[in-house]
Structures are given as C-alpha cells and as structure tokens.
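Note that the coordinates shown come from a computational prediction; the quantities given were computed from them, not determined experimentally.
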Amino acid sequence: MTVALWSQSITGANPAHIGANAPTVKPRPAFAQTDLVALSRYFSLLMMRNITSDGYVIEDPTSPGVFSAPGCVIAAPSYPANTPGVDQDYVFNWVRDGAITAIEIALAGLLPVPGGVLPSLVDYVNFAALCQANAKNSDTVTLGHACFTITGEVRPWSEQNDGPAIQSIAILTLFDQLDGATQTIAKQLVQANLAYLLEVYQNKTTNLWEEYEGYSFFARAVQLRFFREISTNTIGIAVPAGVADAISWLESQLATHWNGQLYVSILNAAEQAGYDANIDIVSSVCYGGIEPTDTKLLATAAILRRQWADPSSSNYYPVNGADAANGLGPLLGRYPGDHYDGDVAAPVAGGHPWALCAANFAEFQYRLANAIDSSGAIPLDQFSEPFFAELGLGASSSAADASAALRASSDAMLRAIVYHSDHYELSEQFDGTVGYEKSVRNLTWSYASFLSAVRARAATPAAKSKPRNSRGPKS
C-alpha cells in the first residue's frame, strides 16, 4: 500500500539494540492528499518502462540471446523466474494492450524531437508493421492475431478481431506525431486492417478476456468506433463503400446483446455461468463506440457496481467494505464467475478486483458527467434509474448534482487504486479480501487505464478528446 510514515520517538534508545528500541512507525494512508493529475504524469513514466527502444533493450526471458526490437510494448515485465509465487509470463506484445498504450503516449503531451515527431510512436508503428507482416506471412494465423514475441514473431495464441480495430484507432490518434516515412507505413497498416475487418466483422472472435469465441460486445463496439472514425479520416485513406454498411450492421447487432436486464458480454459462446455482468461492457465506452448516456448501459453498470460493492451480494469483495469506511472505492473485477487468481493456476472463486477494471468504470462515469454537463440533462429512465439511485440521484436532481456525484464517485475509485498500489506501482490485480497487490507486477494496461481516466476527468464539454485525424462524432 502507498503510505506516508510518521514516527514516535523513544528517548534513550540503545543503538546496540535498535531493533527492539526503534521508534514506533505507523502507516498513515496518503490517498486523500494525492493530486490525481500530478500522479498520472508519474504513472506515464512507469508505463514507459515497458516500451522498448534502441536505448532500452530487453532479453527474452525464455530465449537467452534474443533481444527486443524497438517499439515492443510488453504487457508486463513479470515472468515466473523473477516473480516468486506467480506462474504467468507477460513478457509479450499483445496488440490490444500495445494500442491502448500508444493512445496514452500520443495524448500525454510528451516533448517531441525537432519536426514534431515522437520517437516512441515511430518505434511503435514500425514494430506493429513488423508484427503484421509476420502474421501475413504465417500459414496459421490471421491479421487478428493477438500476441507476438518481443522480436515481433508470431506467438501461438488466439485470433482477436478487436485488435486490428483498436490498433488502427491508435494510429489515427498518433498519426501527426510521425515522420513522413513512418506515416506511409502507418497508412499501410490501417489499410490492411480495414480490408481485413471488412471481411470478418460479422464473424465470431475470441473475446477480450481470451476465454471464449463468440459474438463479443467489446469487439463489436471497438470495430464500430474504428469504422466510424475511418469514414471521416483526413490521412488520405480511401473509404470503401462497405464501411457504411458495417456501421449500420454493428449498431443493430450490439442492440441484440440486451437481455432485458443488462448487456450480455458474448453471444453464441459456451461460456461458464456467471459471465455477466461483465466489465467489458463498460470498457466499451472507454475504447469502443458506446455512448456513456446509453440508459441500457447504465442499467448494466448498476449491476456491475452492486455485485462487488454490496455486502449482500455473493460476489462482494470484503476489501470494498474497509475502503468504503475511508471514502474509497469500490474496486471492481472482470465478471462475477471469474476464477483467474493471477498468481497460480489454482482457480479462486470470484476472482479479484483489477486496477484497469476500476479505472475503466471511473472513466465511464467521468465521460457520463461530461455528457451531462454538455447537455444539461440527466439520461434518466426506467433502465437507468437504479444506476443514479445508487449515487443518491433521482428525478428531482439537477444536472449539476449528477455531474458532481459522478465525479466524486470516480475520484473515490481512482484513490482506491492509489491507496492499494505498491509505492504507486500497479500490478494486474488486488486481493479481494485484504487489498494488497497480486498477480503480475507493473501491468502496462493498469497504468494506461488510469491515465485515460484522468484525461476524461479533466475534459470539459467543449474539449473532449477526439481522434486527431477524424472529424466524425466522438465515440
């Protein structure tokens, strides 16, 4: 946990017996004093440690003598040999994680070199092109292949068709921070992804959590955002006629995920019991084309929060009770039937909260607050009433009341992440009972999700983030 320490002096302490006579040291949580915007800049630096370059080269932990290519975004620097008690190896490049990270680099306001170029983004695009070329040359994978080695080689893994979409969204966002030669490569990347997605967007795909193949709400939402943004791009990519049809089809299909109570995470998949409510629905607001004002989304969000924050819920995380007493939280997990412990192969019923899940929920609420500020109206109906009621809001509440409540709720979630961090370093998960960090250390996506949430927190209705090379409505 992140703490500020204070000591109580003991006079007459014998230096020869310092262990027995040392000052009493008590931890005092410093979460309330933390400036979230200032901390996000520090998190940006921690995130950058997981991105290779010519100057920062890593060795493959399972292949001595094999070194990283520049621009590889590793999921985390954690692998069994250097993380006792954790049997997961995350020293690989996941397309989705890399794209989410690249978006945060592009929007972080980092100082470019002369000419307005950001070298880390140049490296990212060239590494992405290397991975795409290796996927094209493979007889066993598609352009939706999800995971590559630190040298850009295909790693045996699943095909996940949100990856090409979010990678292309990232490139549209960062395009004007590239040099001319890299812009040419970037356009080729996007064009290849566009052609591929127009062929497969109606197909099943492996879902966000890499567990089932079916019709994924998250994948469809990210594809929808990409098709909308490419349809108004200003980087010179011709828009095929099929894009408009894809947008209409995905909009209609996303609506079919509503089951009367919530949006279902994945359709036509033999998933385990307890896969909904799934946090990937809310993550679709952060990374996909779903509006935070969608009242059926708000109905889903109410269930998501309640299943981990309500003490009467069978999926309740005890840590949220202790945090609530301090005005923090709640921390959220992936889905109620989760069994992934993150440390060892043995399943743990209910799983644990994840930093990125809590940060994504906080971002969704910030975005909703921004939308309410912009419209002056609360999207309140029979579907969204439970969501707003949990925040003490109802028909008599003003837009200003709703915005303030949403922002305060999101701040409490981000401060819980800060409180449970290990000296501000973020792992993948927190223990659901005691709150200490667990699973792989320094997860890149944990930092990126916090940064994204803080950007949404700082946004005003007139200054919402938009893709740098798109004129379409914000997704």
Side-chain angles (χ1 to χ4, degrees), residues 162 165-166 207-209 215-228 247 250-267 275-310 330 332-336 356-375 377-391 393-394 397 399 402-403 405-407 409-410 413 449 452-453 456-457 459 461 464-465 473-475:
D162 62 294
I166 199 165
N207 72 331
L208 172 62
W209 306 125
Y215 299 113
S216 163
F217 187 96
F218 180 84
R220 285 173 160 175
V222 173
Q223 290 168 0
L224 174 61
R225 177 180 171 184
F226 166 59
F227 285 133
R228 285 174 175 169
I247 291 171
L250 287 167
E251 289 172 344
S252 67
Q253 292 303 304
L254 281 163
T256 68
H257 286 254
W258 177 251
N259 71 356
Q261 293 181 307
L262 51 73
Y263 280 129
V264 174
S265 171
I266 188 166
L267 300 177
Y275 217 60
D276 298 292
N278 198 305
I279 201 74
D280 67 355
I281 304 299
V282 162
S283 297
S284 299
V285 174
C286 303
Y287 308 117
I290 307 302
E291 293 294 337
T293 52
D294 179 341
T295 58
K296 292 177 181 177
L297 172 91
L298 297 177
T300 309
I303 297 171
L304 275 164
R305 180 175 179 131
R306 190 164 55 245
Q307 68 192 7
W308 290 306
D310 185 343
L332 308 179
R334 299 192 300 173
Y335 52 89
L356 72 91
C357 295
N360 278 178
F361 199 98
E363 177 177 345
F364 140 68
Q365 291 192 144
Y366 288 135
R367 288 181 177 233
L368 177 57
N370 293 338
I372 290 172
D373 286 342
S374 182
S375 67
I378 304 172
L380 187 64
D381 65 10
Q382 72 272 28
F383 300 119
S384 63
E385 186 276 334
F387 173 82
F388 288 110
E390 288 179 1
L391 297 173
L393 302 166
S397 301
S403 177
L406 287 162
R407 294 181 191 282
S409 174
S410 289
M413 291 182 180
S449 64
S452 187
R457 179 180 188 264
K464 296 178 185 178
S465 59
K474 183 178 182 294
S475 61

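Scanning all heavy atoms of the two residues, the minimum distance from G394 to L380 falls at C-CD2, 3.7 Å. Taking all atoms of both residues into account, the shortest heavy-atom contact from H257 to S216 is CE1-C, 4.0 Å. Of all the heavy atoms in I279 and C357, the pair that sits closest is CG2-SG, 3.6 Å. Smallest separation of non-hydrogen atoms from A359 and A453: O-CB, 3.6 Å. The shortest non-hydrogen separation linking A399 to A377 is CB-N, 4.2 Å. Nearest heavy-atom pair, L304 versus A277, reported as atom, atom and distance to 0.1 Å: CD2-O, 3.4 Å.
Listed by chain and residue number, D373, R407 satisfy the side-chain hydrogen bond (donor to acceptor under 3.5 Å, both in side chains) test with S403 (two or more places apart in sequence, or in another chain). Applying the ring pair (Phe, Tyr, Trp, His ring centres under 6.0 Å) rule to F364 yields the partners F361, F387; only residues at least two apart in sequence or on another chain are considered.
Contact annotation: the side chain of I378 approaches that of S397 to within less than 4.5 Å [non-hydrogen atoms, C-beta and beyond]. When side chains are defined from C-beta on, P292 does not count as touching Y366, because their heavy atoms never get closer than 4.5 Å. The shortest side-chain heavy-atom distance between D162 and Y287 does not fall under the 4.5 Å cut-off. S409 has its side chain out of reach of E390: every pair of non-hydrogen atoms, C-beta onward, lies at least 4.5 Å apart. When side chains are defined from C-beta on, S265 does not count as touching F217, because their heavy atoms never get closer than 4.5 Å. The shortest side-chain heavy-atom distance between W209 and R334 falls under the 4.5 Å cut-off. Between L332 and V282 there is no side-chain heavy-atom pair separated by less than 4.5 Å. Residues W258 and D294 have side chains not in contact (no heavy-atom distance under 4.5 Å, counting atoms from C-beta outward).
Expressed to the nearest 0.5 Å, how far CZ of R367 lies from OG of S410 amounts to 12.0 Å. Note that CG of N207 and CZ of F218 are 10.0 Å apart. Values are rounded to the nearest 0.5 Å. Here the CG atom belonging to D280 is positioned 10.0 Å from the CG atom belonging to N360, to the nearest 0.5 angstrom. Distance check: F388 CZ to L393 CG gives 7.0 Å after rounding to the nearest 0.5 Å. Distance CD1/I303 to CG/N278: 12.5 Å, rounded to 0.5 Å. With values rounded to the nearest 0.5 angstrom, D276 atom CG is found 13.0 Å from Y263 atom OH.
Under the side-chain contact (heavy atoms from CB on, under 4.5 Å) test applied with L368, the options L297, T293, V285 reduce to a single match, T293.
Side-chain atoms of T300 never come within 3.5 Å of backbone atoms of L262 as a donor-acceptor pair (strictly under, hydrogens ignored). Using modelled atom types, one side-chain atom of S384 and one backbone atom of P379 make a donor-acceptor pair closer than 3.5 Å. Although no hydrogens or angles enter the test, the distance criterion places no donor-acceptor pair under 3.5 Å between the side chain of Q253 and the main chain of R220.
For Q261, the CD atom is loosely surrounded, since the number of other residues' heavy atoms within 6.0 Å does not exceed 12.
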